[in-house]
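Residue numbering restarts at 1 for every chain, and letters A, B, ... go by the order of the sequence lines.
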Amino acid sequence: MSGTPPVPRGEVPARLLAWWEGHRRHFPWREPGLSPFAVLLAEVLLKRTTATAAARVYPVLLARYPNAHALASAPPGELEVILSGVGLQRQRARGLKEMASYLCANAGGEVPRDLGELLRVPHIGPYTARAVLVFAFGEPLGLVDSNTVRVFQRLFGGTAPQGRGLRAYQGLADSLVPPDRPREYNWAFMDFAALVCRPGAPQCGTCPLGHVCATRTAAPGGSPDQRGLCGGDRPPHGGRDQESGYRD
DNA sequence: TTCCTGAGAC
DNA sequence: GTCTCGGGAA
């Protein structure tokens with residue numbers, strides 16, 4: 001009896017990527033060869049917005065505003081019309097213009113490849129800045145949002161970071177990213193969180209991480225019974241913080 | 001009803 | 001720290 005068996009984290013990225021080969025979702029902003037600005041445009045558009053809704057307007061947006069200069073000089077009201085129906089029209093239209101104007105005035109209209117610089121751009125926060133670094137420049141960073149936290153808590157159980165904010169999970173998220181495939185891994189993680197390890201009714205029966213999931217293996221008897229064990233809203237039960245090897 | 005690739009204002 | 005933006009989909 002060696003206490004609680006540690007979750008073999010090393011297997012997680014490989015299993016996720018293998019699963020993703022047959023389950024990946026396709027979106028316009030995942031096409032190869034997009035400019036950093038095109039990536040930034042997608043990330044800002046996707047904030048608090050469903051991917052299917054964003055996919056409806058993204059091609060129109062990108063075709064009309066292929067760079068920061070075009071977006072910054074968009075006629076008043078034009079952006080709102082394009083964004084109507086997606087939600088958050090007013091704030092997002094204003095935010096996109098302010099962002100583009102800042103880039104034109106302070107960065108020559110280019111998207112900075114630097115976390116600190118990106119965080120100075122209006123309406124770019126910790127998530128969007130890292131997403132741009134990952135998807136536009138291939139930096140090996142992990143993306144942390146509420147979905148990341150949910151998956152980590154289910155997957156690692158009591159050995160997951162115990163902090164309250166999203167920042168507590170950044171180090172673990174970064175440590176899981178395969179240095180040679182940051183884009184594919186982060187897309188795989190997002191698709192996994194959206195399709196399998198969902199907020200409600202997680203698909204534990206077909207989960208590619210079932211054998212390494214703390215929530216599932218917490219089942220008595222070790223047999224993966226088909227009750228919705230992962231469906232619990234709370235983490236398995238507090239297992240001492242234990243540091244969990246989390247480093248920044 | 002909750003949730004969606006969050007971030008700014010307070 | 002909390003509140004707000006927002007329409008659409010499950």
Side-chain angles (χ1 to χ4, degrees), chain A residues 16 20 23-31 34 36 38-58 60-62 79-103 111 115-137 139 141-154 163-170 173-174 176-177 182-203 228 231-234:
Chain A
L16 272 181
W20 193 60
H23 298 82
R24 66 176 293 175
R25 296 183 297 174
H26 294 273
F27 297 112
W29 49 85
R30 291 186 179 183
E31 296 296 320
L34 291 180
V39 172
L40 174 58
L41 190 63
E43 296 304 328
V44 174
L45 181 64
L46 281 161
K47 287 191 313 188
R48 293 290 289 169
T49 304
T50 55
T52 53
R56 272 181 266 152
V57 298
Y58 178 72
V60 180
L61 268 184
L62 185 57
L79 208 44
E80 287 82 350
V81 171
I82 297 177
L83 293 173
S84 65
V86 181
L88 300 176
Q89 301 99 349
R90 286 194 314 215
Q91 274 210 347
R92 199 184 325 243
R94 183 171 59 86
L96 281 170
K97 281 190 180 179
E98 291 174 357
M99 179 193 72
S101 297
Y102 178 93
L103 290 179
V111 178
L115 185 59
E117 294 294 323
L118 283 168
L119 289 174
R120 282 194 197 91
V121 180
H123 308 289
I124 294 185
Y127 180 92
T128 305
R130 286 181 172 80
V132 167
L133 289 175
V134 169
F135 298 125
F137 300 112
E139 302 276 354
L141 301 172
L143 302 181
V144 179
D145 61 3
S146 61
N147 297 300
T148 311
V149 174
R150 179 185 67 252
V151 172
F152 282 176
Q153 286 182 346
R154 287 175 178 168
R164 289 172 221 81
L166 298 181
R167 283 182 66 252
Y169 298 85
Q170 188 65 53
D174 288 340
L176 292 174
V177 179
R183 292 182 182 87
E184 290 85 348
Y185 168 77
N186 277 290
W187 283 329
F189 192 98
M190 294 164 67
D191 289 348
F192 171 74
L195 299 176
V196 181
C197 201
R198 305 186 299 195
Q203 308 294 94
D233 293 304
R234 41 163 194 198

To the nearest Å, how far apart are Leu46(A) CG and dG6(B) P?
9 Å

Whole angstroms only, please: what is the CD-P distance between Glu98(A) and dG8(B)?
10 Å

Could you state the atom-to-atom distance from OH of Tyr102(A) to P of dA7(B) in whole Å?
16 Å

Where the side chain of His123(A) is concerned, which of dT5(B), dC3(B), dG8(B) is the nearest nucleotide?
dG8(B)

Counting the benzene-type ring for Trp, do Phe189(A) and Trp20(A) have ring centres under 6.0 Å apart?
no

Choose from dG6(B), dG8(C), dT5(B) the nucleotide whose nearest atom is closest to any side-chain atom of Ala51(A).
dT5(B)

Between Arg94(A) and Glu98(A), does at least one N-O distance fall below 4.0 Å, as a salt bridge requires?
yes

Of all the nucleotides listed (dC5(C), dT5(B), dG8(C)), which has the minimum atom distance to the side chain of Asp145(A)?
dT5(B)

Hey, does Glu43(A) reach any base, or is it just sugar-phosphate, or nothing, if we go heavy atoms under 4.0 Å?
base

In whole Å, what is the span from the CZ atom of Arg150(A) to the P atom of dC3(B)?
9 Å

Among dC3(B), dT5(B), dG6(B), the nucleotide that comes nearest once only the side chain of Lys47(A) is considered:
dG6(B)

Using a heavy-atom cut-off of 4.0 Å across all strands, would you classify Leu143(A) as base, sugar-phosphate, or nothing?
nothing

DNA chain C: Gln91(A) or Arg198(A), which has the more 5' nearest nucleotide?
Gln91(A)

With nearest nucleotide decided by heavy atoms, which residue, Ser146(A) or Arg94(A), maps closer to the 5′ end of DNA chain B?
Ser146(A)

Check Arg150(A) with Asp145(A), please: is the shortest side-chain N to carboxylate O separation under 4.0 Å?
no

Between Phe135(A) and Leu143(A), what is the shortest heavy-atom contact and its length?
CE1-CD1, 3.6 Å

Have a look at Gly87(A) and say if it touches a base, only the backbone sugar-phosphate, or nothing, with a 4.0 Å heavy-atom cut-off.
base

Looking for any heavy atom pair under 4.0 Å, which part of the strands does Thr128(A) touch: base, sugar-phosphate only, or nothing?
sugar-phosphate

Atom CZ of Arg25(A): over 12 foreign heavy atoms under 6.0 Å:
yes

Between dT5(B) and dG1(C) - C1' atom distance, rounded Å:
24 Å

Measure from CG on Leu88(A) to P on dT5(B) and round the result to the nearest Å.
13 Å

Rounded distance (Å) that lies between atom C1' of dT5(B) and atom CG of Leu45(A)
11 Å

Base, sugar-phosphate or nothing for Asn186(A)? Non-hydrogen atoms, less than 4.0 Å.
nothing

Roughly how many Å is it from CG in Leu118(A) to P in dT5(B), rounded to a whole number?
21 Å

Just so I know, are the side chains of His23(A) and Phe192(A) near enough to count as touching, which here means a heavy-atom distance under 4.5 Å?
no

Can you tell me the distance, in whole Å, between the OH atom of Tyr169(A) and the P atom of dG6(B)?
16 Å

First encountered from the 5' end of DNA chain B, between Ile124(A) and Trp29(A)
Trp29(A)

Mind checking the C1' distance from dA9(B) to dG7(C)? Whole angstroms is fine.
22 Å

Quick check on DNA chain C: between Val86(A) and Thr52(A), whose nearest nucleotide comes earlier from the 5' end?
Val86(A)

Looking at Arg90(A), I'd like to know whether one of its side-chain N or O atoms comes within less than 4.0 Å of OP1 or OP2 on dG6(C).
yes

